[in-house]
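Notes follow the structure.
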Protein chains: 2
Amino acid sequence: MREIDASNALSDRLRPVARTSLSEEIIAQIMDLIQRNVLRPGDRLPPERELCKRFGVGRSSLREALRSLSAMGVVEGRVGEGTFVNDNQQFVQKALQWGMLLDRKMVGDLIETRLMLESETAFWAAQRGDKEDLNHVDETLAQMKGALDDSSLFLEADLRFHMAVARATHNTLLVSLLEATRGYLQEWIERSLAGEERSEERARLSLEQHVEIVSALRRGDGTAARAAMVEHLLSSSLDLRTHFPEG
Amino acid sequence: MREIDASNALSDRLRPVARTSLSEEIIAQIMDLIQRNVLRPGDRLPPERELCKRFGVGRSSLREALRSLSAMGVVEGRVGEGTFVNDNQQFVQKALQWGMLLDRKMVGDLIETRLMLESETAFWAAQRGDKEDLNHVDETLAQMKGALDDSSLFLEADLRFHMAVARATHNTLLVSLLEATRGYLQEWIERSLAGEERSEERARLSLEQHVEIVSALRRGDGTAARAAMVEHLLSSSLDLRTHFPEG
DNA sequence: AAATAGCTGATGGTCAGACCAATTGCAAAT
DNA sequence: ATTTGCAATTGGTCTGACCATCAGCTATTT
């Protein structure tokens with residue numbers, strides 16, 4: 001009898017057959033529907049019991065699929081109402097959120113990675129941002145100016161500023177990554193800076209730096225925008241490190 | 001009778017009660033165990049039927065939790081064997097994988113984002129990489145040299161090179177992100193370059209560029225490393241774009 | 001007429017028990 | 001010593017049931 005062993009060339013072509021579970025199949029199908037815009041954000045899925053018939057599976061398998069999608073933030077189930085497709089696709093967010101929970105050291109890595117991403121973000125925003133994008137950035141700048149005396153509000157506007165810049169790159173992945181990182185850091189930043197003296201002074205300095213960034217963006221000067229962003233991030237992270245000596 | 005309406009100060013303190021499902025509770029608990037290193041990668045969880053008793057829940061709830069963790073890549077169930085904690089924490093990978101499935105445009109964004117990340121990666125690898133890290137990089141370089149005539153093998157070694165550089169930064173988040181992006185692009189790159197003429201010539205050029213990067217890393221010259229990496233990535237992505245005109 | 005209370009059906013969340021298929025480990029047979 | 005075959009374990013799936021919640025309708029009260 002002809003044997004098939006490791007030395008046989010055939011064995012290299014013998015890949016393990018794809019043994020995908022029912023739930024994974026269902027996940028893929030629903031994902032596909034969302035991708036092709038058949039299911040749009042806010043839409044309600046058919047009731048579970050009906051989906052069971054349509055997919056030809058038991059309720060367990062279907063629910064395991066829906067639960068997975070729910071854990072990833074794709075859909076959301078509401079008792080008595082139904083299951084709905086979420087508006088914001090927050091995969092990356094969710095993933096980082098869980099990952100962060102797993103690995104505390106990641107906070108340091110996060111700050112560092114954000115610096116990398118945001119500096120280049122500024123560059124591309126200057127290159128690609130259109131008038132509307134820049135107007136949005138300006139709006140957030142105005143919000144910051146109006147919140148100089150409220151550090152919490154100021155930080156929120158600050159966050160919106162950076163997000164507006166990210167959106168100006170027209171790179172959705174970048175936006176997701178920054179939302180994830182900054183969103184996670186936000187709470188921690190707020191706590192670190194609470195009850196801080198000279199908060200208004202610091203806000204004023206921060207505002208100046210943001211103005212500098214916007215100016216570079218308006219000129220379409222990517223290099224200057226990047227430099228201004230780096231300076232801003234370094235200065236503010238330095239501010240944070242004084243509260244978090246282990247960095 | 002005293003009413004409670006919107007104008008009552010009390011109403012501000014009435015927050016919606018947290019209604020977390022059983023599976024989410026279980027997910028959080030297992031995540032916590034992994035985070036605290038009680039459950040280590042490769043470990044086998046107790047059988048489902050036993051976990052049910054321990055958690056005091058039905059099997060549905062438990063399985064929905066495990067399925068979610070499985071979809072996120074935290075654990076992996078094998079019929080007849082058990083459920084195991086995955087070695088590599090591939091949250092980001094999985095997330096991007098799903099996200100990519102949702103948004104085809106993301107491929108372009110991915111290439112762009114990778115450029116941002118990898119250029120800075122080279123910089124930090126030069127700054128922080130120790131001797132051992134650089135030796136690993138050298139190993140992959142040798143593998144590339146030995147695979148000049150096999151484009152598939154060459155690409156694999158190429159991937160390992162970039163990962164080794166990433167690990168030299170000692171930033172785990174960065175490693176995850178690059179693994180996710182590059183891993184996803186790999187298959188597509190391979191397809192694009194298959195049956196290409198002058199593949200050996202291109203490999204030789206690519207190798208030169210990699211040598212340049214290593215040289216800068218060895219000198220600890222972050223700026224030069226970044227520059228070399230950018231040149232390499234731009235040149236190779238240009239190569240790709242000829243196969244993918246819509247970029 | 002308007003506001004309120006109560007009912008009903010639909011729906012997601014959970015449970016219990018059953019069966020299937022894959023895997024492992026051991027014992028029997030060769 | 002190797003192979004074969006059986007039994008137990010385990011994840012995967014199905015079914016039917018019950019609960020809590022919510023939306024919408026109806027009947028009651030004001």
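We name chains A, B, ... by the order of the sequence lines, and we start the count at 1 in each one.
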In whole angstroms, how far is the C1' atom of C/dA10 from the CG atom of A/L45?
16 Å

Give me the atom names and distance for the closest heavy-atom approach of B/P41 to B/D87.
CB-CA, 3.6 Å

Under-4.0 Å side-chain N/O to phosphate OP1/OP2 contact, B/S23 with C/dG13:
no

note: A/E64, atom CD; C/dT14, atom C1'; distance rounded to Å ~ 13 Å

Under-4.0 Å side-chain N/O to phosphate OP1/OP2 contact, B/R67 with D/dT13:
yes

For the side chain of A/S61, starting at C-beta, report the closest nucleotide among D/dC14, D/dT10, C/dG12.
D/dC14

Interatomic distance where CG belongs to A/L51 and P belongs to C/dT11 [whole Å]:
11 Å

Between atom CD in B/E48 and atom P in D/dG12, what is the gap in whole Å?
6 Å

Whole-Å distance separating the CD atom of A/E81 from the P atom of D/dA20:
18 Å

Strictly below 4.0 Å: does B/R59 bring a side-chain N or O up to OP1 or OP2 of D/dT10?
no

Scan B/L22 against the nucleic acid and name what it touches under 4.0 Å (heavy atoms): base, sugar-phosphate only, or nothing.
sugar-phosphate

Can you tell me if A/D150 uses its side chain to pair, donor with acceptor, with the backbone of A/A147 under 3.5 Å?
no

For a quick check of understanding: with a heavy-atom distance under 4.0 Å over all strands, which category does B/R78 fall into, base, sugar-phosphate or nothing?
sugar-phosphate

Select from A/G80 and B/S21 the residue whose nearest nucleotide in DNA chain C is closer to the 5' end of that strand.
A/G80

For B/R63 and D/dG11, what is the distance between atoms CZ and P respectively, to the nearest whole Å?
8 Å

B/F84 atom CZ is separated from C/dT23 atom P, nearest whole Å, by 12 Å

For B/R67 and A/S23, what are the C-alpha separation, side-chain angles and deciding distance, and is it a side chain to side chain donor-acceptor pair (under 3.5 Å)?
CA-CA 9 Å; B/R67 184 60 93 186; A/S23 358; 3.0 Å; yes

Would B/M31 and B/L69 satisfy side chain to side chain contact (heavy atoms under 4.5 Å, CB included), going step by step from the backbone distance to the final call?
CA-CA 9 Å; B/M31 281 284 198; B/L69 291 172; 3.9 Å; yes

Picking from B/E64, B/E50, B/E48, what satisfies salt bridge (charged side-chain N to carboxylate O under 4.0 Å, His left out) with B/R59?
B/E48

Using heavy atoms to find the nearest nucleotide of DNA chain C for B/S60 and A/R49 separately, return the residue whose nucleotide is more 5′.
A/R49

Could you state the atom-to-atom distance from CD1 of A/I26 to P of D/dT13 in whole Å?
8 Å

